[in-house]
Amino acid sequence: MPPQSAQCVHLTEVFTGTQVRDAERPLVEAGHGPALMQQAASGLAAQVLRSLRQRGRIYGAGVTALVGSGNNGADALYALLRLRRRGVRTRAVLVSERCHEAALTAYREAGGRTLPRVPGHQDVIIDAVLGTGASRRAEPMPIPGLGEALRPDARHEARGGIQRPGTQRPETQRPEIIACDIPSGVSADTGEVLSDYGLTADRTVTFGAVKLGLVVGAGAVLSGQIHCVDIGLGPHLPQASARLLETPSAGDRAEPDEAPSTTSGASSIELRELSGQDHKYARGVVHVVAGSTQYPGAAQLSVAAAVGTGAGMVTVDSEAQVSARVTAVHPEVVALPTDQALRRADAVALGPGLTGEAADEETLESVLAWSQSGGGILVLDASGIGLLSPERLRSGALTPNVVLTPHAGELHRLVSRIDEVHGTRVLREEDGDSPVASARAVAAHLGAVVLLKGASTVIAEPHGSVIVHRCRAPGLATAGSGDVLTGVIGALAAHDGRVGDMAALGSHIHAAAAHQIDPRGAGAFGAADLVAGIRRYRS
């Protein structure tokens, strides 16, 4: 994938599975179906070879495909044909009574073998049981031998290896799982698991375009690294459903000779660079309203993140003893009442650690009035979201200068409040638990930007534009992490007023900071450590 940085991130267009299938239809009807299949098989085989090369050998390596009845099963069989020409020992396990006849015939005529169960000595297992057509829940078909093959020591035992005392087994590596187009049983539209085969892909080789189901919901966890093979759908694809921003971890770094993993239309977000003529106010002033005697650390985390992200000036409004603690640690920060701070502020970050007192509600109202009159951007997090009055929950009551940053539970409570207070139904029944549909619906209703935090973070703007930020940083699921994110977004928004873009860039910097201090994803850090990671990444 293209390199990301603290100053510029690249976005890839994402489509639902339905959109991609609709784009394929005119090509298939024009007789180009076999050509599309061969392009897909070629791309799949290329990624399998790359995996084998990384594991140390191609000739003599073992690759088994789990072949279902659909076109992705045919893609896998044609990919096996290509792999056989490179000296790979290929096997196909047919997990359905039906199979793509032409592909199976070609595979068998070339000497390819089929087996009734998965052998226990494979380097790669290709998951081609179900494709993007899965749309309803179904019991998974049993795959004999799969559980044993996925055990780390299966290869050693299958070859009758004997471990000598004091030595390590040379062949205890578990097989790599490569999903063909999409992990089997995952909805290509929503990322929901419809049939659970217990397979988590190390890589997914998807065809034509990146599917939404690969980057949201459970699909984002099950798909591993995503590689998109261009099969010529570009002219037939509609407007993208969303744009994808990925923050790769250390293990996801592409090899120097690897082409970008996505070939769909792309764009980028580039942060306005500092110039030699910038002064502190030109760099952006962010005002933080956070913390209380009950939660003093929230103010410290948000302020530290704003400072570390590079705000030209940071001011803070909290209870006196909390502000004193913050300014003692950060002498560059100024403690100011909000009504005074708004005269200079470009952005306000409000909510972390507040307790919902009447004074907090009054402060929020004054900041909302300031933002609505063009004063600047408001980042509303945690308790701040709960302070929104019933009037502020009416349709279109907020503005695109307001960013709400709830996690899933907070969004659910917000939706319930809107429905109860105004007798409306923000989410349609068909939206289900889709994070994209939920964030988009709330953003459209309130007229504000919604950043829905999760394993994949969804940033939805009121006009319908959506960015999905995907990363693997499990350590971010820790107390105070959201307070840090609030400070990061506040600083970026103060510096560069593109609200939705800065929310997405802030989410990226937040995740990249976690990778800086926790490259293995062990999660052995606290939210305060993220600030050091932000400084390291930003510099």
Side-chain angles (χ1 to χ4, degrees), residues 15 17 19-53 58 61 63-96 98-114 124-134 177-184 188 201 203-211 214 226-237 258-264:
F15 302 83
Q19 287 176 315
V20 175
R21 289 193 299 275
D22 288 345
E24 291 174 341
R25 188 171 295 114
L27 294 172
V28 172
E29 291 175 350
H32 301 302
L36 295 179
M37 193 169 287
Q38 291 301 329
Q39 287 177 285
S42 178
L44 176 59
Q47 287 301 330
V48 173
L49 289 171
R50 181 176 297 279
S51 173
L52 295 176
R53 191 177 301 117
I58 292 177
V63 175
T64 290
L66 312 178
V67 179
S69 61
N71 287 341
N72 66 324
D75 297 335
L77 287 169
Y78 284 126
L80 291 182
L81 279 175
R82 286 169 163 77
L83 294 171
R84 283 180 56 79
R85 297 175 193 143
R86 297 293 300 272
V88 178
R89 294 181 299 106
T90 63
R91 305 288 186 270
V93 176
L94 308 183
V95 298
S96 174
R98 295 182 296 110
C99 187
H100 192 283
E101 291 186 12
L104 182 59
T105 298
Y107 174 69
R108 283 176 167 164
E109 287 180 348
R113 292 181 57 192
T114 60
V124 170
I125 293 176
I126 299 174
D127 170 16
V129 180
L130 296 176
T132 60
I177 298 175
I178 298 181
C180 177
D181 210 10
I182 194 165
S184 289
R203 308 172 191 243
T204 293
V205 183
T206 196
F207 311 125
V210 177
K211 282 78 172 176
L214 293 173
I226 299 171
H227 305 267
C228 185
V229 177
D230 186 0
I231 59 173
L233 299 186
H236 304 277
L237 288 167
E258 183 174 355
S261 63
T262 52
T263 53
S264 306

Shortest non-hydrogen contact between [X] and [Y], atoms and distance:
| X | Y | answer |
| --- | --- | --- |
| Arg82 | Ala41 | NH1-CB, 3.9 Å |
| Ala201 | Ala179 | CB-CB, 3.9 Å |
| Ala106 | Tyr78 | CB-CE2, 4.1 Å |

Within the side chain of [X], is there an N or O that forms a donor-acceptor pair under 3.5 Å with the backbone of [Y]?
| X | Y | result |
| --- | --- | --- |
| Asn72 | Leu130 | yes |
| Thr132 | Ala188 | no |
| Asp181 | Gly131 | no |
| Tyr107 | Arg113 | yes |

When rounded to the nearest 0.5 angstrom, what is the spacing between [atom1] in [X] and [atom2] in [Y]?
| X | Y | atom1 | atom2 | value |
| --- | --- | --- | --- | --- |
| Ile126 | Cys180 | CD1 | SG | 7.5 Å |
| Ile226 | Lys211 | CD1 | NZ | 10.0 Å |
| Ser42 | Asp75 | OG | CG | 11.0 Å |
| Thr204 | Gln47 | OG1 | CD | 10.5 Å |
| Ile125 | Leu66 | CD1 | CG | 6.0 Å |
| Arg86 | Arg53 | CZ | CZ | 6.5 Å |

Residue of the set Leu49, Ile178, Leu52 for which side chain to side chain contact (heavy atoms under 4.5 Å, CB included) holds with Val63
Leu52

If you apply the rule side chain to side chain contact (heavy atoms under 4.5 Å, CB included), what do you find for Gln39 with Leu36, and how did you get there?
CA-CA 5 Å; Gln39 287 177 285; Leu36 295 179; 3.8 Å; yes

